[in-house]
Amino acid sequence: MELSGPWDRDRVDEFLGEARVPIRIGCRTPADDPWIVSLWFSWDGAVHCATSADADLVSFLAHDARVSFEVSTNDPPYRGVRGRGRATVSPDEGKELLRALLERYLGGVDNPTGERLLRPEREEVRIRIEPERLHTWDYTERMGPVDR
């Protein structure tokens, strides 16, 4: 994997491991139009997302597995990671990944979102993105301290 920007791999792993903002994933539709979607994710050197098996993104990835993505802070000072890679889709047996993401983002599964997403009739899939290239940016020095 190619890495550029001010951060080394350890800092990338730290940032993506701690981030609690959605990842934005860009792909192409079968009509070759650009598409972007935001999903919860986890990171272990690859990106892992969960979504409904009938989501448009799943059919788009079946057409073209190449994706771009970005995870960045929503508040100053802005910093983050963007990249590109290839996505694979597989069943999320027992909704294990979805449960882990509910824990990561909401602190558990016992909430209205968890109840809705974990309904037995809802089929869930895993999306795994193997990064080919990552680029980092960090405007902390340029922006200075931010008053709130």
Side-chain angles (χ1 to χ4, degrees), residues 1-109 111-139 142-143:
M1 175 185 50
E2 183 182 342
L3 175 63
S4 62
W7 295 349
D8 63 15
R9 177 60 189 267
D10 288 340
R11 179 65 180 110
V12 168
D13 290 343
E14 177 186 14
F15 177 80
L16 293 175
E18 293 174 358
R20 294 299 184 272
V21 295
I23 189 169
R24 290 169 286 281
I25 300 172
C27 65
R28 305 295 283 186
T29 71
D32 205 33
D33 293 321
W35 190 258
I36 193 163
V37 64
S38 296
L39 294 172
W40 291 342
F41 78 98
S42 63
W43 170 259
D44 66 0
V47 174
H48 302 272
C49 301
T51 194
S52 173
D54 62 0
D56 289 341
L57 178 61
V58 174
S59 65
F60 297 164
L61 294 175
H63 167 72
D64 186 343
R66 295 174 301 163
V67 297
S68 57
F69 55 89
E70 178 182 275
V71 178
S72 61
T73 56
N74 290 323
D75 298 309
Y78 302 115
R79 57 195 176 279
V81 178
R82 69 176 58 104
R84 68 174 182 257
R86 295 198 175 267
T88 55
V89 178
S90 62
D92 185 9
E93 300 297 339
K95 300 182 182 172
E96 291 176 21
L97 177 58
L98 175 59
R99 289 175 188 280
L101 292 172
L102 284 161
E103 289 284 343
R104 174 180 166 91
Y105 282 86
L106 299 181
V109 299
N111 53 66
T113 301
E115 291 169 13
R116 181 176 54 82
L117 295 178
L118 292 170
R119 290 186 329 263
E121 66 276 8
R122 186 173 186 273
E123 186 181 349
E124 196 73 12
V125 295
R126 297 171 169 258
I127 297 172
R128 181 180 191 277
I129 300 171
E130 184 66 39
E132 296 169 352
R133 184 177 194 290
L134 295 176
H135 177 76
T136 66
W137 73 97
D138 189 336
Y139 298 148
R142 182 189 323 181
M143 297 184 86

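These values consider heavy atoms only, across backbone and side chains, with no hydrogens, waters or symmetry-generated copies.
Within the 4.5 Å cutoff, the side chain of Val67 has no heavy atoms near those of the Val47 side chain. Two residues are said to be in side-chain contact when any heavy atoms from C-beta on lie closer than 4.5 Å; Val71 and Phe15 meet this criterion. Considering only heavy atoms from C-beta on, Arg28 comes within 4.5 Å of Pro34 through its side chain. The shortest side-chain heavy-atom distance between Pro6 and Arg79 does not fall under the 4.5 Å cut-off. Side chains of Arg20 and Arg104 form a contact here, defined as non-hydrogen atoms less than 4.5 Å apart. Leu117 has its side chain within reach of Arg122: a pair of non-hydrogen atoms, C-beta onward, lies under 4.5 Å apart. Contact annotation: the side chain of Lys95 never approaches that of Leu102 to less than 4.5 Å [non-hydrogen atoms, C-beta and beyond]. Side-chain contact check for Leu97 versus Trp40: every heavy-atom pair is 4.5 Å or farther apart.
In terms of heavy-atom proximity, Ile129 sits nearest to Ala87 at CG1-CB, 4.1 Å. Across all their heavy atoms, Thr51 and Glu124 have their closest contact at N-OE2, 3.0 Å. Considering all non-hydrogen atoms of both residues, Val109 and Glu103 come closest at N-OE2, 4.2 Å. Closest non-hydrogen pair, Ala46 versus Pro131, comes out as CA-CD, 4.0 Å. When all heavy atoms of Cys49 and Ile23 are compared, the pair lying nearest together is SG-CG2, 3.8 Å. Gly114 and Asn111 make their closest contact through N-OD1, 2.7 Å (heavy atoms, listed as atom of the first residue, atom of the second, distance).
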Practice prompt. I would like to know whether Ser72 and Arg24 meet side chain to side chain contact (heavy atoms under 4.5 Å, CB included); could you show each step before the answer?
Written response: CA-CA 9 Å; Ser72 61; Arg24 290 169 286 281; 2.6 Å; yes
Item to complete: Could you walk me through whether Leu39 and Leu57 pass side chain to side chain contact (heavy atoms under 4.5 Å, CB included), step by step?
Response: CA-CA 11 Å; Leu39 294 172; Leu57 178 61; 3.8 Å; yes
Item to complete: Carefully, step by step, assess Asp33 and Phe60 under the rule side chain to side chain contact (heavy atoms under 4.5 Å, CB included).
Response: CA-CA 10 Å; Asp33 293 321; Phe60 297 164; over 6 Å; no
Practice prompt. Show the numbers, then the answer: is there a side chain to side chain contact (heavy atoms under 4.5 Å, CB included) between Asp92 and Val125?
Written response: CA-CA 5 Å; Asp92 185 9; Val125 295; 5.5 Å; no
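Looking only at atom types and distance, the side chain of Ser4 has a donor-acceptor partner in the side chain of Arg133 under 3.5 Å away.
Both tests do not hold together for Arg142 against Tyr78: distance to the six-membered ring centre under 6.0 Å, angle to the ring axis within 45°.
Under the 4.0 Å criterion applied to side-chain N and carboxylate O atoms, Glu14 and Arg11 are assigned as salt-bridge partners. Taking 4.0 Å as the cut-off between side-chain N and carboxylate O, Glu130 and Arg86 do not count as a salt-bridged pair.
Considering OG1 of Thr29 and CG of Asp56, their distance stands at 9.5 Å, rounded to 0.5 Å. Summarising the geometry, atom CZ belonging to Arg66 is positioned 11.0 Å from atom SG belonging to Cys27; distances are rounded to the nearest 0.5 Å. One finds the OG atom of Ser42 at 8.5 Å from the CZ atom of Arg126 (value rounded to the nearest 0.5 Å).
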